Amino acid sequence: MSKKATRRSNRPSRDWSYGWWSHDRPDRETLMKQLDPLLRQLRRVDDLSCRVAKGDGRVGDLAELATVLSEPFELRSSFSTQATLCEPEDLRRNLRQVSRELHLEIHAADGRYPCYMLSRIATDWNAPDVILEDLHVSSVRHDFFSDERFAVLMKDGRSRTFLRMAPFRDRVRRAANRRWGAQQVDQTTCDEILQTAATLVLAAVWYEDQMLPLRVADVLGLEKFRTALEMVAFILGSDLYAVAPALQDERDDICLFFNRIYGSRPMARLLDRLARRGAAGATALEAAARDAFVSLNGLFAKLLDTTDALQDLEHLELYKVVLGGFGHLSGIAAREHWTDAMVEAVQRIEDRSARSIQRLLDA
C-alpha cells in the first residue's frame, strides 16, 4: 500500500464529502470512456460555432451545425442509449444515468451560437454547491462565469450559485503528488481536498456581495487588500467554534491548499492557528475582524472615490469607471493606464491592508 493510500485510510470520514450515490461513482477512466461520444460531439459544435462567430464560416457550416445538433450519438452507462444535443432534457436524464455528479449547462453565445459547459459538481445538503471539475467548456465566447469564483447554473429548475473549485484541480493533484509521494493522486482525493477548502473556508469567503471589491482587487493587483478582505469574511462568516475542530482533522489538506494552491500564506497561518489552538481567543479575533471590516470598507470607498486615476478618464471618479466598464475592467484599468494619483491610492490601500492582516494574526 502506498504512503498516500495509508494516509487517506487513516483519516476520519467527512459527512459532507459525497452524496448517498458516491459508492456507485465511476472511476475517471470509465467516466471519460462513457462520455467520449458526447465530448466529441461538443467539440464538433464548438469548431463550427467558432468558425461562424469569427466570420470565417460559410452557409454550409450553418447547415452542418444544424446536422450535428440533431445527429444521434451513443451515451454509454449501465446500458447504452441514443442522445442528441437538440434534446437537452433527454440528454441530461441520460447523463444522470452515467453519474449524478454530471451537470450540462447550455447557453447561447451572443444570443445565437450554442455553447456548453459539462462539469462534475457536488451538491450535498450541508455543504456549498461546488464545481469540482470542468470536463468541457466551449471555446466560443460564453457567459458561464460572471466572476472566476462563481458560476450560476440551472439546477432542479432554478438558478443556483456554485463555487468554482475546478480551476485549482490540476494544481491540487500536482501538489498532493509532491507532498505525499504517490504515483498518482486519484479523483476522490482531489475532490476531497477541493470540497474541504470550499466547505470549511471559501463558502464564507466567497459570496456575491464580495464580487465588486474582489474583482477590483484582482484587476488592480491589490493582493494584500484581497487577503485582508478574505480573512475578515472568513472570521465573521464562520462559526469558529464549529470550524476549528474540523480544521484540526483536515489540517494537512487545508495547509496544502492555502499555502501551495491558493497562495494566501496569511490565511494559511490563520487556519493553522485555529487547527492547533482551537477556538480559544475567538472573541478577540472576531472583534479584530469587525474593526478591520470597518477599516477596509472605508479604504475601498476612498479608493473608488479617487479622481484623476486613469489616463484619458481623469475627469471621472474611479467608481464610475468600475461600474460602467465592469465587464471590461481588465483592459480599461490596466496598469499602463494608471496615473500618479492611482499609484498612490493603490499603495495606500495595500499598506493599510497589510497592517489589518497583521492585527488579525496577532489577535
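As the structure is a computational prediction, the values presented were derived from the model and not from experiment. Keep in mind that the numbers below use all heavy atoms, side chains included, and drop hydrogens, waters and symmetry copies.
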* To do: Show the numbers, then the answer: is there a side chain to side chain donor-acceptor pair (under 3.5 Å) between Asp27 and Thr30?
  => CA-CA 5 Å; Asp27 60 63; Thr30 301; 3.0 Å; yes
* **Stepwise side-chain contact (heavy atoms from CB on, under 4.5 Å) test for Val52 and Leu65** => CA-CA 10 Å; Val52 174; Leu65 178 59; 5.8 Å; no
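- For the pair Glu133 and Arg28, the salt-bridge criterion is met [side-chain N within less than 4.0 Å of a carboxylate O].
- A distance of 10.0 Å separates CG of Asn94 from CD of Glu87, quoted to the nearest 0.5 Å.
- Side chain of Thr84 to main chain of Ser70: no donor-acceptor pair is present (N/O by atom type, distance under 3.5 Å, no hydrogens or angles).
- A chain of hydrophobic side-chain contacts below 4.5 Å, direct or via other Ile, Leu, Val, Met, Phe, Trp or Tyr residues, connects Leu316 to Leu318.
- Ionic pairing of Arg93 and Glu89 is not present here: no N-O contact between side-chain nitrogen and carboxylate oxygen is shorter than 4.0 angstrom.
- Here the rule is side chain to side chain contact (heavy atoms under 4.5 Å, CB included) with Ser353, and of Leu296, Thr227, Leu229 only Leu296 fits it.
- Residues Arg251 and Ile254 have side chains not in contact (no heavy-atom distance under 4.5 Å, counting atoms from C-beta outward).
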* Kindly indicate, with the supporting measurements, whether the criterion salt bridge (charged side-chain N to carboxylate O under 4.0 Å, His left out) is fulfilled by Lys320 and Asp305. => CA-CA 9 Å; Lys320 293 179 181 177; Asp305 213 30; over 6 Å; no
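- Side-chain contact between Leu153 and Asp129 is absent, with no heavy atoms from C-beta onward closer than 4.5 Å.
- Between the side chain of Trp338 and the backbone N or O of Leu310, no donor-acceptor pair lies under 3.5 Å.
- A salt bridge links Arg169 with Asp191: at least one charged nitrogen is closer than 4.0 Å to a carboxylate oxygen.
- Panel note: side chain Glu314, backbone Asp312; a donor-acceptor pair is recorded below 3.5 Å.
- No continuous path of ILVMFWY side-chain contacts below 4.5 Å connects Leu42 to Met154, so the two sit in separate hydrophobic clusters.
- Classification of Asp47 and Arg51 as a salt-bridged pair fails, no side-chain N sitting under 4.0 Å from a carboxylate O.
- Remark: the backbone N or O of Tyr116 is paired with a side-chain donor or acceptor of Ser138 at under 3.5 angstrom.
- Here the closest heavy-atom approach between residue Phe162 and residue Ala122 is recorded as CE2-O, 4.4 Å.
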* Test log, rule side-chain contact (heavy atoms from CB on, under 4.5 Å), inputs Val130 and Arg120 -> CA-CA 9 Å; Val130 172; Arg120 288 179 49 247; over 6 Å; no
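- In this structure a side-chain-to-backbone donor-acceptor pair under 3.5 Å is missing from Asp272 to Ala268.
- To the nearest 0.5 Å, the span separating CG on Leu85 from CG on Asp90 amounts to 12.0 Å.
- Taken to the nearest 0.5 Å, the SG atom of Cys190 stands 12.0 Å off from the CD atom of Gln195.
- Judged purely by atom type and a 3.5 angstrom limit, Arg92 uses its side chain to pair as donor or acceptor with the backbone of Leu104.
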* **Worked check of salt bridge (charged side-chain N to carboxylate O under 4.0 Å, His left out) between Asp170 and Arg173** => CA-CA 5 Å; Asp170 287 342; Arg173 178 178 49 79; 3.8 Å; yes
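- When atom types are taken as modelled, the side chain of Ser99 and the backbone of Leu95 share no donor-acceptor pair closer than 3.5 angstrom.
- Looking at Thr306, its side chain does come within 3.5 Å of a backbone N or O of Leu303 through a donor-acceptor pair.
- Evaluation of the ring-ring contact (aromatic ring centres under 6.0 Å, His included) rule for His107 yields Phe144 as partners, not counting sequence neighbours.
- Residues Asp46 and Ser139 come closest through the heavy atom pair OD2-N, 3.1 Å.
- Side-chain contact between Glu71 and Gln41 is present, with at least one heavy-atom pair separated by less than 4.5 Å.
- To the nearest 0.5 Å, the span separating CD on Gln210 from CZ on Phe150 amounts to 8.0 Å.
- In this structure a side-chain-to-backbone donor-acceptor pair under 3.5 Å is present from Asp239 to Tyr241.
- Taking the six-membered ring where the residue is Trp, Tyr262 and Trp206 present tilted rings, their angle falling between 30° and 60°.
- The pair Asp147-Arg215 does not count as a salt bridge, with every side-chain nitrogen at least 4.0 angstrom from each carboxylate oxygen.
- The closest side-chain donor-acceptor pair between His315 and Asp308, if any, does not fall under 3.5 angstrom.
- A distance-only check finds no donor-acceptor pair linking the side chain of Asp253 to the backbone of Ile193 [under 3.5 Å].
- Considering OG1 of Thr196 and CE of Met165, their distance stands at 9.0 Å, rounded to 0.5 Å.
- Taking CG of Leu220 as the start and CD of Glu350 as the end, the distance is 9.5 Å to the nearest 0.5 Å.
- Salt-bridge check for Asp351 with Lys224: failed, with every basic side-chain N at 4.0 Å or more from each acidic carboxylate O.
- With sequence neighbours left out, the salt bridge (charged side-chain N to carboxylate O under 4.0 Å, His left out) criterion links Asp134 to Arg164.
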